[in-house]
Q: 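Handing you this structure, nothing more for now.
Just follow the structure's listing: the first ligand is 1, and inside any ligand the first atom is 1. This structure is a prediction, so every number in the text was calculated from the model and none was measured.
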Amino acid sequence: MSIPLPSPYTNELSSLCVAPSETRTALFAMDDFPAPLETPFYTTYTIRDVPGAGKGMFAAKDLASGDLILRERPVVVIPEIIPTVNGDASHASQFLALAVQNVPPKEKEAFLQLHDCKNFPDKVKGIIDTNAMNIGRLPGPFEGSFAGVALGLSRINHSCTPNAICTWHTPSFTFNITAIKPIKAGEQIFISYLTQNEILKPRAARIKTLQDKYAFTCKCSSCSLPKKESKSSDGRRAFLLAVQEKLGSGGNEVEAWIKDRTLPDDHVIKRSSLVIESMEREGVFNYGLWRYYYAMVCKAHCALKNELQAREGAEKIVVGMLAKHTTDGGWSKVVARPQESNWWGLRA
Ligand SMILES: C[S@@+](CC[C@H](N)C(=O)[O-])C[C@H]1O[C@@H](n2cnc3c(N)ncnc32)[C@H](O)[C@@H]1O
């Protein structure tokens, strides 16, 4: 069933969402749905041609880590997997064509101008496969994931060391692009098209995935390293992947260290630093790792009453929280007054 999700706010784009009717009911039952589309106050980007990469998005001003670059509603939202009916694959094409037919004319025209790397006979499917970003689950009983195509977001190119991330915010029904590194005016903005696991695979595997899915050869700073450095980079990513796979299985490491005085004072900090340094060297933002290890290092510095380092750790968490959840989760208070946190002095 096709659900045009109406926006009660004037001049805001409403998304055409193809979903079971229970999804619509569950969305409108949310307290904060639909939240207004609050876009950045200033112009943050321009779109222009990039030799060898079609169009790309560029910073229109200097951006700091955590700055919102773009918040936009997708023109169309669809289930990520469209089942075949009686083994007939053309059903998916008909389904997508019908969805796009219902997009308002101006947005439909812009949608049909988007890049199509697939060259299938079915152009709509090619455009969706090239540009759709994962949304994840929406509320309601439907257990599948959704994906959406947004017009600005679709112009952002990929890097395995991205300077921005794309996240989904259900209440405002928007994709949010947030800087995760400082970006100078005129620099190209990159996100990662790879999953959190794929981005930690060796260079050859990343290049193959991107070639198969998006028909281009990645030449980002990480994929163009000389052989020896590329091997070290693969090693760091493999280490991060192994840590990521075990994330959360070790219990509360900070609490254990606070209680166990036989462990050295820098035990938690050393362990976290290894992961943080590898993440920083590779320039990857994997939220789970980022949140866990910066929180660990921040709490440990609080416990040891290291004010400056505690603040630095908390600042990193604020950037991650803003990028991922559009809220700082209370961590700005720790940046301002680490002495008032629950961990202050617990190991001093
Ligand atoms: C979502 S679109 C990104 C915007 C696209 N460049 C355009 O002109 O609209 C994805 C396509 O952009 C191109 N692309 C993305 N990242 C690239 C990169 N790092 N190098 C070369 N081409 C890239 C590929 O053709 C890919 O299929």
Q: Does ligand 1 have any atom sitting under 4.0 Å from a heavy atom of Phe190?
A: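 Phe190 does not count as a contact of ligand 1 under the 4.0 Å cut-off.
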Q: Number the atoms of ligand 1 from 1 as they appear, then name those within less than 4.0 Å of a heavy atom of Thr130, with their elements.
A: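 What qualifies from ligand 1 is 1 (C), 10 (C), 27 (O).
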Q: Mind checking whether Ile156 has a heavy atom under 4.0 Å from ligand 1?
A: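 The answer is yes, since Ile156 has a heavy atom less than 4.0 Å from ligand 1.
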Q: Between Arg271 and Glu253, is there a salt bridge with N-O shorter than 4.0 Å?
A: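 Looking at Arg271 together with Glu253, the answer is yes, because their closest N to O distance falls below 4.0 Å.
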Q: For ligand 1, which atoms sit closer than 4.0 Å to a heavy atom of Tyr214?
A: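 It comes down to these atoms of ligand 1: 24 (C), 25 (O), 26 (C), 27 (O).
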Q: Which atoms from ligand 1 have a heavy atom of Cys117 less than 4.0 Å away?
A: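 Every atom of ligand 1 under 4.0 Å from some heavy atom of Cys117: 27 (O).
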Q: Check this for me, if you would: do Lys213 and Glu198 make a salt bridge, where the nitrogen-to-carboxylate-oxygen distance has to be below 4.0 angstrom?
A: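 The answer is yes: the pair qualifies as a salt bridge.
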Q: If the cut-off is 4.0 Å to any non-hydrogen atom of Asn131, which atoms of ligand 1 fall inside it?
A: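 Close to Asn131: 1 (C), 2 (S).
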Q: Using a strict threshold of under 4.0 Å (side-chain N to carboxylate O), is an ion pair present between Asp234 and Arg203?
A: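 Between Asp234 and Arg203 there is no salt bridge, as every charged N stays at least 4.0 Å from the carboxylate O atoms.
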Q: Salt bridge or not for Lys123 and Asp116, using N-O below 4.0 Å?
A: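 Between Asp116 and Lys123 there is no salt bridge, as every charged N stays at least 4.0 Å from the carboxylate O atoms.
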Q: May I ask you to test the Trp331-Ser341 pair for a side-chain heavy-atom distance under 4.5 Å?
A: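 No, every pair of side-chain atoms sits at 4.5 Å or beyond.
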Q: Less than 4.0 Å is my threshold; does some heavy atom of Ser154 fall inside it relative to ligand 1?
A: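 Distance cut 4.0 Å: Ser154 passes for ligand 1.
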Q: In terms of the angle between their ring planes, are His325 and Tyr287 parallel, tilted or perpendicular, with boundaries placed at 30° and 60°?
A: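 Answer is perpendicular, since the angle exceeds 60°.
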Q: Which ligand 1 atoms are under 4.0 Å away from a heavy-atom of Gly54?
A: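 Per the distance check, 8 (O).
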